[in-house]
Protein chains: 2
Amino acid sequence: MPAQPQPQPVRPSALQAESLRQTRREHASETAEDYVEAIADLAASLGEARLVDLARRLGVTHVTVNRTLARLQREGFVQVQPYRAIFLTPSGRKLAATCRHRHDVVVAFLRSLGIPGKTAEIDAEGIEHHVSPRTLAAFAKFSAR
Amino acid sequence: MPAQPQPQPVRPSALQAESLRQTRREHASETAEDYVEAIADLAASLGEARLVDLARRLGVTHVTVNRTLARLQREGFVQVQPYRAIFLTPSGRKLAATCRHRHDVVVAFLRSLGIPGKTAEIDAEGIEHHVSPRTLAAFAKFSAR
DNA sequence: CGCACGATGTAGCCTTGGCTACACTTTGCC
DNA sequence: GGCAAAGTGTAGCCAAGGCTACATCGTGCG
Ligand SMILES: [Mn+2]
Ligand SMILES: [Mn+2]
Ligand SMILES: [Mn+2]
Ligand SMILES: [Mn+2]
């Protein structure tokens, strides 16, 4: 008898490799995005962003935050001085605004699908970094319908 | 004059910290999920999963794959022997099936929103790992409407 | 039937991002 | 004004997951 057709269509290796590379790139910028967004939120709600508050909000120790801030300063997103509050650079503020908007769009989209608020928040925190401009536009359009 | 009300509602730190912790947990299982899914795909399409094919499909070098396979063997998802093809354990096969299904649901959902196929594939590769059971159910229901 | 080449293994490097333990600085309060 | 407690800095550990360079294994073909 003839060979059975493969039950599952084969996903081309090249496309999956490209997708996974893109996912890794997104993960590489994820920390910066979550940090600047948290710093902007803290500055807005408390007047300034202090290390301990940032650590609490990010769910890590102050040690992790401190080392990461050094990298973000190298990359030009924040301005830090010993024992001082943390400030965003213009580039950091711009990134924070973009990420904040994207975050809100993703949360609103999930809620408009009927997902409860807390679950929407939790899922959005991960999903937001993997949403292309096209998909973000589709999300916004859908929840505004 | 009285203090201006804060323009943006403040997201509670505790919820954001919990969300970020959950995202980190999801990232910790992401590699295992993508690997077993790729191994199952290769076994289905080529008859067996070889190291080079896996490396090509994952978009990394064979060195990275080899080290990761050692960890996945420790964790009970794969069975590897030097110079041999790579096999999934029962637990690995189960994980692969679950992930394959979830992947397909996410892709179908994005496409049903009007996202072109390639973009849907790329976005799904990252999004899939951050979709809770509730959200997955909502995605499936929506694209089946 | 042997050997060249492709496949696989391994040594060792790097960055990120977790952590604990401990040291030092700031600051609010008596 | 001094001091205790809170905040901040730093040394050093770990695991994951990238990489290059090189060594070894297996096999198909001439
Ligand atoms: Mn996030
Ligand atoms: Mn994936
Ligand atoms: Mn996938
Ligand atoms: Mn992710």
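Because only heavy atoms are used, hydrogens play no part in the values below, and waters and symmetry mates are left out as well, while side chains stay in. A note on names: the letters A, B, ... follow the listed sequences, proteins ahead of strands, and every chain is numbered from 1.
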Q | Parallel, tilted or perpendicular, as decided by the 30° and 60° cut-offs, for the rings of A/Phe139 and A/Phe109 | A | parallel

Q: Give a yes or no on whether a salt bridge exists between B/Glu33 and B/Arg100, defined as a side-chain N under 4.0 angstrom from a carboxylate O.
A: no

Q.
Determine whether A/Arg56 and A/Asp53 satisfy the following criterion, salt bridge (Lys or Arg N to Asp or Glu O under 4.0 Å), listing intermediate values before the conclusion.
A. CA-CA 5 Å; A/Arg56 176 172 29 249; A/Asp53 304 304; 2.8 Å; yes

Q. Considering only heavy atoms, which members of residues 53-66 of chain B lie under 4.0 Å from some atom of DNA chain D?
A. B/Val60, B/Thr61, B/Val63, B/Thr64

Q) Relative to the 5' end of DNA chain D, which residue comes earlier, B/Thr68 or A/Leu51, by the nucleotide with the nearest heavy atom? A) A/Leu51

Q) Base, sugar-phosphate, or nothing for B/Arg25, non-hydrogen atoms under 4.0 angstrom? A) nothing

Q) In whole angstroms, how far is the C1' atom of C/dG9 from the OH atom of B/Tyr83? A) 5 Å

Q: Decide if atom CZ of B/Arg71 counts as having more than 12 heavy atoms of other residues, nucleotides or ligands within a radius under 6.0 Å.
A: yes

Q) Quick one: on DNA chain C, does B/Arg50 or A/Ala28 contact a more 5' nucleotide (nearest heavy atom)? A) B/Arg50

Q) How many Å lie between CZ on B/Arg84 and C1' on D/dC25, as a whole number? A) 11 Å

Q.
So, under a plain 3.5 Å distance rule, would you say the side chain of A/Arg21 forms a donor-acceptor pair with the base of D/dG18?
A. no

Q) Nearest-Å distance, CG (B/Leu72) to P (D/dA16)? A) 10 Å

Q: Could you tell me whether the phosphate oxygens of D/dG17, OP1 or OP2, come under 4.0 Å of any side-chain nitrogen or oxygen in B/Arg71?
A: yes

Q) Hey, does the side-chain of A/Arg67 have a donor or acceptor N/O within less than 3.5 Å of a partner on the base of D/dG9? A) no

Q) Are A/Phe142 and B/Phe142 close enough that their ring centres sit under 6.0 Å apart? A) yes

Q: May I ask you to check whether B/His130 and A/His130 place their ring centres under 6.0 Å from each other?
A: yes

Q: Whole angstrom is fine here: how far is it from NE2 in B/His27 over to P in C/dT16?
A: 17 Å

Q.
Output the rounded distance in Å from CD (A/Glu48) to C1' (C/dT27).
A. 13 Å

Q: For D/dA16, take OP1 and OP2 only and decide whether either is under 4.0 Å from a side-chain N or O of B/Thr31.
A: no

Q: Send over the distance from B/Gln81 CD to D/dC25 P, rounded to a whole Å.
A: 16 Å

Q) Between B/His27 and A/His27, is the ring centre distance below 6.0 Å? A) yes

Q: Measure from CG on A/Leu69 to P on D/dG9 and round the result to the nearest Å.
A: 9 Å

Q: Compare side-chain N and O positions of A/Arg74 against OP1 and OP2 of C/dT16 and report whether any pair is under 4.0 Å apart.
A: yes

Q) Closest nucleotide of DNA chain C for A/Ala32 versus for A/Pro82: which of these residues is on the 5' side? A) A/Ala32

